[in-house]
Amino acid sequence: MFRVTRINLSACLALLWLSGIAPVNAAPPNAAPADPAANPVFDTMDWRLASPGLEGGIIDKGSPTLADLSGDGIPEVIVGTTAYNGAGSYNKKSLLVALKWDGGSDADNMEIWFATDVGAPINSTPAVADIDGDGLPEIVVGLGGDVPDKDQHGGVAVYEHNGAFKWFFKTHDDYHSPDGYSEGVFSSPTLCDVDSDGDLEIAFGSWDQRIYLLDHEGNSLWSTPGWDAGHFNQDTVWSSAACADLNQDGYKEIIIGADMTHGTLIDGTSVQDGGMLYIFDYNGNVLVRRYIEEAIYAAPAVGDLDGDGDLEIVSGTSFAWWQAHECPDKCSDQPRVYVFDTSQVFGPKNYYDPTKLPNAPGWPKNTTYPGFSSPALADLDGNGDLEIVIGSGDPFQNSGDVVPGEGKVYAWHHDGAPVGGWPVEPKSRSPFFYDTYVASSPTIADVDGDGGLEIMFAMLHDVHVYNVDGSPQPLTQLNTYVSANGLLQTRDGCLWSSPTVGDADGDGNVEIWIGGGDNLDPGVGHLWRFEADKPVGKAPWHSFHRDVQNRGLYGTPELDAAPGFIYVMHEYGSGSPESDVMLVFNTGDGEIDWQATSPSPVTLSAYYGTVDGAGQAVTVTIPTSGYSKGTHFLGNITITGTIEGDAAPGSPITIPVTLYVGTIHRIYAPMILAGY
């Protein structure tokens, strides 16, 4: 159901003057190295998301993605805007934007690389990977996910690494009465190799009541008899999918939440209002359809919480029970956070038997408010198991301040015991102490350089930074009139998305990115960056749904590289060298130190590094002079990985390098791009 509506932002916008960030850059250009024992100092900058003839609307629920699109080893910042102008209208452009470091000596030199008009609002987080095996990454994004602006064609779009359009998958137009527009995709696309064939598939849900798996060319791989492409859920799907190999057989499962309205499903079973947690195998067969009393709008997370070798699934519950027009009759369902035991998923029980996905011991846990926030997983206390962090809130309850809504952020150990100091009830800075519901999903990383972890989420116009004991992180924020512990302030009235942590200028300092707006430049989307004077540290859950492929998995580290082979073609008689891009990455959690060797005369732009899920792009250069016509096998690039000195899973990797020298014929075919 389209139950989530945009809260009136006038109360939030009325608070903008409180943020008071000066529109100047006060950071010293050549500051001395930071003292590791000192509290972090954050430099604040923002970028206007506009290019000649294009002005992107406010960024709402979609979070930035940091991924290397250009192959220079430094990630770009990719984000989508809505068409919303912040004042009740939808007259701006919906843009897919990439910011790129321009290579200058000033680390603040970031510029818009491309701003592509995608034609429909973006409320999803872009996913990035090489889905077609051409050695260059693609950007996959959901379109049309904006409740007040549904007169847009929804679907999933794929763009080349430079922003050029590749293909678009249009969803169905059949939620309630068809209106001529395909239904929106709020779900952030998830990229993973479900069937272990070397190609990445794309999983997502849609407001057209279906859950999809597409191949890398945009063809639907799942269908429901009588209902065309996709698995038919009979209610809207907002959740983003997680991807994990639950039984370690080499094939991935897709885990996703859904909304559900009472009635009889197409398989003949009866259900009440609430939600569903689905687990699909790679063929689209439903392994589990677990009913719970509340809708699931958030994305589930997957990880081995207790260190026993088996994966658990974590899911929050959402807003099905709080519709104002249904209260108090239907407001009795208790919101909860669930952890599910997956040991029975592949057993003989019926897929809708709730005991096929039982609650883990100590779960579920009741929460004061429902949640739109997705869970994040990390080992907060360093004892080897994982903790769970998630936001929550009720947009209609009010503690008496001028901003509607109340919220909490929770943290539990794997057994359901609360982490000391949590939950927290975040407030804006003194002397106002305003609050609202927390829609933002937490991000977990070391941003103060002490080797521990901090927890970040957005509320009102601030990114909140907490220590693992629930205390606000002491910090100093430059370019603001008032700096407050635990708060990184923007000029946006209400922030809903998740902060993203990384290093987009290659200077080694940790950065926190988030999208929103700017009261000094209203109606246009802005990207905000807070760069600390601390080095990049560990970041076990550095972005929404954890990695650039939006997989939501905290899994076993494993070294990988793409493509699996390098084959370059060279025009005979031309003396210029050829090159290709190789991506070295970690498919699981944590970090892997890697090093490589290459056959003579092949050279690499980097021969060693440290990779997490974001990966590291390496340029492979092949001299071509002196080769006769024909195909020449040059040897193997060998990549080895270690974790704290021990061999990493997946290591070593060999990538054969082949050079073809001869006459190359190029054919240019006409292309017609269909509008959508």
Side-chain angles (χ1 to χ4, degrees), residues 1-2 118-120 124 127 131 140-145 147 150-158 166-192 194-195 197 199-241 243 252-261 263-269 271 275-289 295-297 351-352 673-676:
M1 297 180 180
F2 293 122
V118 300
S124 67
I131 66 171
V140 187
V141 67
L143 304 182
V147 174
K150 294 194 294 293
D151 291 346
Q152 307 278 358
H153 283 303
V156 163
V158 177
K166 189 174 180 68
W167 54 258
F168 177 69
F169 177 87
K170 184 183 290 188
T171 56
H172 296 79
D173 173 25
D174 61 4
Y175 184 80
H176 294 314
S177 300
D179 59 2
Y181 294 96
S182 55
E183 307 299 351
V185 174
F186 185 92
S187 175
S188 296
T190 299
L191 311 181
C192 68
V194 176
D195 53 8
D197 66 350
D199 295 325
L200 293 176
E201 285 75 47
I202 303 166
F204 63 96
S206 170
W207 291 346
D208 70 0
Q209 310 176 76
R210 290 166 174 82
I211 298 164
Y212 292 94
L213 187 73
L214 309 182
D215 67 15
H216 66 277
E217 295 179 332
N219 303 302
S220 177
L221 300 175
W222 294 350
S223 63
T224 302
W227 293 93
D228 202 4
H231 176 87
F232 188 60
N233 175 63
Q234 294 184 233
D235 207 334
T236 55
V237 182
W238 298 64
S239 173
S240 301
C243 177
K252 309 294 194 306
E253 282 71 52
I254 295 296
I255 304 101
I256 191 170
D259 198 354
M260 185 51 61
T261 302
T264 301
L265 302 181
I266 59 176
D267 64 2
T269 58
V271 295
M276 294 290 189
L277 195 286
Y278 283 96
I279 302 177
F280 297 90
D281 70 11
Y282 67 95
N283 286 316
N285 300 310
V286 179
L287 300 174
V288 172
R289 190 185 68 199
I296 302 175
Y297 288 172
Y351 63 87
Y352 53 77
L673 298 181
Y676 58 90

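Because the structure is a prediction, the values reported are computed rather than measured.
In terms of the side chain to side chain contact (heavy atoms under 4.5 Å, CB included) criterion, residue partners of Leu221 (sequence neighbours excluded) are, by chain and number, Glu201, Leu213, Asp215. Legend: residues meeting ring pair (Phe, Tyr, Trp, His ring centres under 6.0 Å) with Phe204, ordered by chain and number and at least two apart, are Tyr212. Residues satisfying the side chain to side chain contact (heavy atoms under 4.5 Å, CB included) criterion with Ile296, sequence neighbours excluded, are Leu277, Ile292, Ser315. In this structure Asp197 satisfies the salt bridge (Lys or Arg N to Asp or Glu O under 4.0 Å) test with no other residue, sequence neighbours excluded. Every residue two or more places apart in sequence or in another chain that forms a ring pair (Phe, Tyr, Trp, His ring centres under 6.0 Å) with Phe232 is listed here: Trp227. Scanning for side-chain hydrogen bond (donor to acceptor under 3.5 Å, both in side chains) contacts around Ser206 gives Asp208, with sequence neighbours left out. Every residue meeting the side-chain hydrogen bond (donor to acceptor under 3.5 Å, both in side chains) condition with Asn285, not counting sequence neighbours, appears here in chain and number order: Asp281. For the side chain to side chain contact (heavy atoms under 4.5 Å, CB included) test, residues two or more places apart in sequence or in another chain that qualify with Ser182 are His153, Lys170, Thr171. Residues forming a side-chain hydrogen bond (donor to acceptor under 3.5 Å, both in side chains) with Glu253 (at least two apart in sequence, or on another chain): none. With sequence neighbours left out, Thr269 forms a side chain to side chain contact (heavy atoms under 4.5 Å, CB included) with Leu265, Asp267, Arg289, Tyr352.
Trp222 and Ile211 make their closest contact through CE3-O, 3.8 Å (heavy atoms, listed as atom of the first residue, atom of the second, distance). Pro189 and Ala127 get closest at one heavy-atom pair: O-CB, 3.5 Å. Here the shortest heavy-atom pairing between Asp259 and Asn233 reads O-ND2, 3.1 Å. Across Phe186 and Ser124, no two heavy atoms sit closer than the pair O-CB, 3.7 Å. Between Cys243 and Thr190 the shortest heavy-atom distance is CB-CG2, 4.1 Å. Thr224 and Gly230 make their closest contact through OG1-O, 2.9 Å (heavy atoms, listed as atom of the first residue, atom of the second, distance).
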Decide yes or no on side chain to side chain contact (heavy atoms under 4.5 Å, CB included) for Val286 and Phe280, but give the supporting numbers first.
CA-CA 5 Å; Val286 179; Phe280 297 90; 3.6 Å; yes

Go through it in stages, so that I can follow the logic: the residues are Ile256 and Val237, the test is side chain to side chain contact (heavy atoms under 4.5 Å, CB included), and I'd like the CA-CA distance, side-chain angles, deciding distance and then a yes or no.
CA-CA 9 Å; Ile256 191 170; Val237 182; 4.0 Å; yes

Going through the checks in order, is the side chain to side chain contact (heavy atoms under 4.5 Å, CB included) test met by Asp173 and Glu183?
CA-CA 6 Å; Asp173 173 25; Glu183 307 299 351; 3.6 Å; yes

Side chain to side chain donor-acceptor pair (under 3.5 Å), that's the test. Do Thr236 and Trp238 meet it? Break it down for me.
CA-CA 7 Å; Thr236 55; Trp238 298 64; 3.3 Å; yes

One pair to check against side chain to side chain contact (heavy atoms under 4.5 Å, CB included): Tyr278 and Val288. What are the steps and the verdict?
CA-CA 5 Å; Tyr278 283 96; Val288 172; over 6 Å; no

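Side-chain contact between His172 and Arg210 is present, with at least one heavy-atom pair separated by less than 4.5 Å. Two residues are said to be in side-chain contact when any heavy atoms from C-beta on lie closer than 4.5 Å; Ile254 and Val194 meet this criterion.
Note that CG of Asn219 is 8.0 Å distant from CG of Leu214, once rounded to the nearest 0.5 Å. Here the CD1-CG distance, from Ile255 to Leu287, works out to 9.5 Å after rounding to the nearest 0.5 Å. Note that the CG atom of Asp199 and the NE2 atom of His216 stand 5.0 Å from one another [nearest 0.5 Å].
Distance alone, capped at 3.5 Å, is enough to place a donor-acceptor pair between the Gln234 side chain and the Ile266 backbone. Listed for the Ser223 side chain is no donor-acceptor partner under 3.5 Å among the backbone atoms of Ala229.
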